[in-house]
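Inspection log for the structure reproduced underneath, given as structure tokens.
Position 1 is the first residue of the sequence, and the numbers go up from there.
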Amino acid sequence: MSQLLSSPPPMVVNSRIFLTHRFPEARFLTAGVFVGKVNGFAVKPTERVKLTVKSRYSGDSSSPAYSPHIGEGSSPRFYVGHSIYKGKAALTIEPRAPEFVALESGAFKLSREGFLLLQFAPAAGVRQYDWSRKQVFSLSVTEIGNLVSLGPRESCEFFHDPNKGKGSDEGKVRKVLKVEPLPDGSGRFFNLSVQNKLLNVDESVYIPITKAEFAVLISAFNFILPHLIGWQAFASSIKPEDTSRFNNASPKYGGDYEWSR
């Protein structure tokens, strides 16, 4: 039976809030969520916490109630998203944080940039969406840059092959996301086409976005970009007493600067 939900999928702030802490592996740390701090990511390991979550969704902006049981010294983590609902489809956009690896010095180095996960679900009735049939598309930081730099009458198109470089399955899944202005100039439309020969799927999900809704997206995209490339984590780690020592570090570790030659 199809899963018919009037609320967005898990990890959307309007529907549910999940807070998790986990110990990282000995040599690898994944900043998989955004930490509830004003100045960016906290990448230190913490303990697992238990939550009591009560969730509900309605057409208004009522927020879910939650009661986190957080250990002393721990920082809560939040999974968030932004959703747009229209007559024929719904779109949810969620940020995914970058990943870092631990260095012998105790510092962390960016190993993978973050991205934005777009989830499209077709309508299954009035104010109901079938999230079991959702199609997903991940926007890289460069693709986000393409979107935020679009002119009023410009469009863009992104092609993904999730199995690229995976041998015989390469080319069997095609995803094309088109973002184009509406004919009357009232906004844009997002159209995701998916052809999956492995699952015999050929679907296209279309959702119009108003100027106001697109403005919200662009503002959110511009805000989150420094976080996705890890620069906010770097900026929040700067201490005045450390800058002289780091800026005069060995060239082997990036201390060789153009103006010092």
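Counting only heavy atoms from C-beta outward, the side chains of L110 and F234 never approach each other to under 4.5 Å. Residues N146 and F158 are in side-chain contact: their nearest non-hydrogen atoms beyond the backbone lie under 4.5 Å apart. Contact of the L177 side chain with the F120 side chain is registered, since non-hydrogen atoms from C-beta on lie closer than 4.5 Å. Proximity of S138 to F115: side-chain heavy atoms (C-beta onward) are separated by under 4.5 Å at one or more points.
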Apply the test side-chain contact (heavy atoms from CB on, under 4.5 Å) to residues T92 and L118: give CA-CA distance (whole Å), side-chain angles for both, the deciding distance (0.1 Å), then the verdict.
-> CA-CA 6 Å; T92 289; L118 278 61; over 6 Å; no
Go through the steps for E143 and H160 under the test side-chain hydrogen bond (donor to acceptor under 3.5 Å, both in side chains), then give the verdict.
-> CA-CA 11 Å; E143 290 168 337; H160 285 186; 2.8 Å; yes
Might you work through the side-chain contact (heavy atoms from CB on, under 4.5 Å) test for N196 and K172, ending with a clear yes or no?
-> CA-CA 6 Å; N196 189 329; K172 293 184 177 180; 5.8 Å; no
Start with the C-alpha distance between F190 and F214, add both sets of side-chain angles, then the distance that settles side-chain contact (heavy atoms from CB on, under 4.5 Å), and finish with yes or no.
-> CA-CA 10 Å; F190 282 52; F214 192 68; 4.1 Å; yes
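In plain terms, the two heavy atoms of N191 and S204 that are nearest each other are OD1-OG, 2.9 Å. Nearest heavy atom pair, residue I207 against residue A89, reads CD1-O, 3.7 Å. Closest heavy-atom contact between F159 and R174: CE1-NH1, 3.3 Å. Closest approach of P181 to E154, counting heavy atoms only: CD-O, 3.5 Å.
Side chain of S219 to backbone of V216: no donor-acceptor contact under 3.5 angstrom is found.
For residues 182-203, the pairs satisfying salt bridge (charged side-chain N to carboxylate O under 4.0 Å, His left out) are R133-E203, with sequence neighbours left out.
In this structure, F189 has its ring center closer than 6.0 angstrom to the ring center of Y206.
I93 CD1 to I144 CD1: the interatomic distance, rounded to the nearest 0.5 Å, is 9.5 Å.
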